[in-house]
Amino acid sequence: TGAAAQAGPWAIGPVTVDYTALIEHLGVTTCVFKAVNEIGEAATASGSIEIRLAPPTVSASLSTTSVRAGDSVTLSGTSTDATSMSYSCTGAVTRSGALSVPNGSVSVPTSSLGTANCSISASGPGGSASSSVSFTVIARLPEIVVIVPGTVRVGQVFNLQTLAYFATSLSMNCPAPILSSGPLPVGNNTFPLTAQAAWLGTTTCTFTVNNAAGETASTSASITVIP
């Protein structure tokens, strides 16, 4: 009796019956078994089974677990027995939205440094499920560009231009004959200089930038001072 009501005679002795649970059988079914001997004596036994909808499953994955700030990571979800799927990211990335079922993905942009935690949730008639992943947003590699004229004359005013991107510090080291070194401001800066007689000849200066993670990049620029 119950959701899967049926009746009928069975063979005597040990019996195994294969039973296929169908959607129309949802709920509790109680089966009563009655055995009768040749003189009419009877014995009964009963057992119950509850048939439920299969709960959804979901699995989350990432295209990478480490990404440079400003780049994107792909968050993907795969589900079964679900009618809807959504995602939510917190931490270094705050973002949420819906995903297609059974397979959905989204490109997650980044900007802030740190750890981002993303959860994908799936819901269906049988309940809900979730799966979580995380990735780290690290600093961009620093970049440095230096622009100087190739040759200048003594007494000539010229510009030294530095463009330091994604950097927290910038330093310059110029050997003889210019013989100058020290920190410079990051960003896009122009420094007017006057070529000195003591600078006659060619000087190759090295410019080095560092980012928040301690990663470095460097470039060199040469200038020749003539009489």
Side-chain angles (χ1 to χ4, degrees), residues 53-148 159-173 182-191 204-222:
L53 287 171
T57 64
V58 63
S59 175
S61 62
L62 295 165
S63 58
T64 181
T65 56
S66 181
V67 62
R68 297 280 180 183
D71 294 337
S72 297
V73 60
T74 300
L75 172 66
S76 302
T78 300
S79 63
T80 61
D81 300 305
T83 55
S84 66
M85 192 161 57
S86 62
Y87 75 95
S88 176
C89 297
T90 60
V93 174
T94 303
R95 190 178 178 88
S96 61
L99 294 174
S100 301
V101 290
N103 302 304
S105 62
V106 63
S107 179
V108 180
T110 65
S111 58
S112 301
L113 304 184
T115 300
N117 302 297
C118 297
S119 175
I120 295 182
S121 300
S123 298
S128 61
S130 64
S131 177
S132 298
V133 289
S134 62
F135 62 92
T136 303
V137 184
I138 60 177
R140 293 189 68 89
L141 289 172
E143 299 177 13
I144 176 65
V145 176
V146 177
I147 302 172
V148 293
N159 287 328
L160 163 66
Q161 184 178 7
T162 60
L163 300 93
Y165 303 109
F166 316 117
T168 56
S169 66
L170 166 63
S171 63
M172 175 187 72
N173 181 27
L184 295 175
V186 298
N188 185 347
N189 295 280
T190 299
F191 307 94
T204 299
C205 300
T206 301
F207 299 82
T208 303
V209 285
N210 295 268
N211 66 7
E215 297 170 307
T216 65
S218 62
T219 189
S220 59
S222 296

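Basis for what follows: all heavy atoms, side chains included, without hydrogens, waters or symmetry-related copies. For clarity, every value in this text was computed on a predicted model and none was experimentally measured.
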Evaluate the side-chain contact (heavy atoms from CB on, under 4.5 Å) criterion for residues Thr65 and Thr136: first the C-alpha distance (whole Å), next the side-chain angles of each, then the deciding distance (0.1 Å), finally the verdict.
-> CA-CA 6 Å; Thr65 56; Thr136 303; over 6 Å; no
Test Met172 against Thr162 for side-chain contact (heavy atoms from CB on, under 4.5 Å), laying out the working first.
-> CA-CA 10 Å; Met172 175 187 72; Thr162 60; over 6 Å; no
Tell me, with the steps shown, if Tyr87 and Ser121 meet side-chain contact (heavy atoms from CB on, under 4.5 Å).
-> CA-CA 6 Å; Tyr87 75 95; Ser121 300; over 6 Å; no
Does the pair Val145 and Thr219 meet the rule for a side-chain contact (heavy atoms from CB on, under 4.5 Å), with working shown?
-> CA-CA 7 Å; Val145 176; Thr219 189; over 6 Å; no
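The closest side-chain heavy-atom distance from Ser66 to Ile138 is below 4.5 Å. At least one side-chain heavy atom of Ser76 sits less than 4.5 Å from a side-chain heavy atom of Ser61. Contact annotation: the side chain of Leu184 approaches that of Phe191 to within less than 4.5 Å [non-hydrogen atoms, C-beta and beyond]. Between Thr115 and Phe135 the shortest side-chain heavy-atom distance does not fall below 4.5 Å. Contact check for Ile147 versus Leu163: side-chain heavy atoms found under the 4.5 Å cut-off. Proximity of Val58 to Thr78: side-chain heavy atoms (C-beta onward) are nowhere separated by under 4.5 Å. Contact check for Val148 versus Val146: side-chain heavy atoms found under the 4.5 Å cut-off.
With values rounded to the nearest 0.5 angstrom, Asp81 atom CG is found 6.5 Å from Thr57 atom OG1. Separation of atoms CG (Leu99) and OG (Ser105) is listed at 7.5 Å; rounding is to 0.5 Å. Interatomic distance, Cys89 SG to Arg95 CZ, rounded to the nearest 0.5 Å: 8.5 Å. Put simply, OG on Ser218 and CG on Asn173 are 11.0 Å apart, with the number rounded to the nearest 0.5 Å. Between atom CG of residue Asn211 and atom CG of residue Leu113 there is a gap of 9.0 Å, rounded to the nearest 0.5 Å. Here the CG-OG distance, from Leu75 to Ser88, works out to 10.0 Å after rounding to the nearest 0.5 Å.
When atom types are taken as modelled, the side chain of Thr110 and the backbone of Gly70 share a donor-acceptor pair closer than 3.5 angstrom. Ser123 places no side-chain N or O within 3.5 Å of a backbone atom of Thr83 that could act as its donor or acceptor partner. A donor-acceptor pair under 3.5 Å is formed between the side chain of Ser131 and the backbone N or O of Ala60. Looking at Asn159, its side chain never comes within 3.5 Å of a backbone N or O of Gln161 through a donor-acceptor pair. Using a distance-only test at 3.5 Å, with no hydrogens or angles considered, no donor-acceptor pair links the side chain of Asn103 to the main chain of Ser100. Between the side chain of Arg140 and the backbone N or O of Ala69, at least one donor-acceptor pair lies under 3.5 Å. Checked by atom type and distance alone, the side chain of Ser63 pairs as donor or acceptor with a backbone atom of Thr74 at under 3.5 Å.
Of the listed residues (Asn210, Leu170, Thr168), just one forms a side-chain contact (heavy atoms from CB on, under 4.5 Å) with Val186, and that residue is Leu170.
In terms of heavy-atom proximity, Gly126 sits nearest to Pro56 at C-CD, 3.9 Å. Here the closest heavy-atom approach between residue Pro142 and residue Ala167 is recorded as CB-CB, 4.3 Å. Residue Gly114 comes nearest to Ala92 through the heavy atom pair C-CB, 3.7 Å, listed as atom of the first residue, atom of the second, then distance. Closest heavy-atom contact between Val209 and Ala164: CG1-CB, 3.8 Å.
With respect to Arg68 and Glu215, a salt bridge is recorded, a charged nitrogen being found less than 4.0 Å from a carboxylate O.
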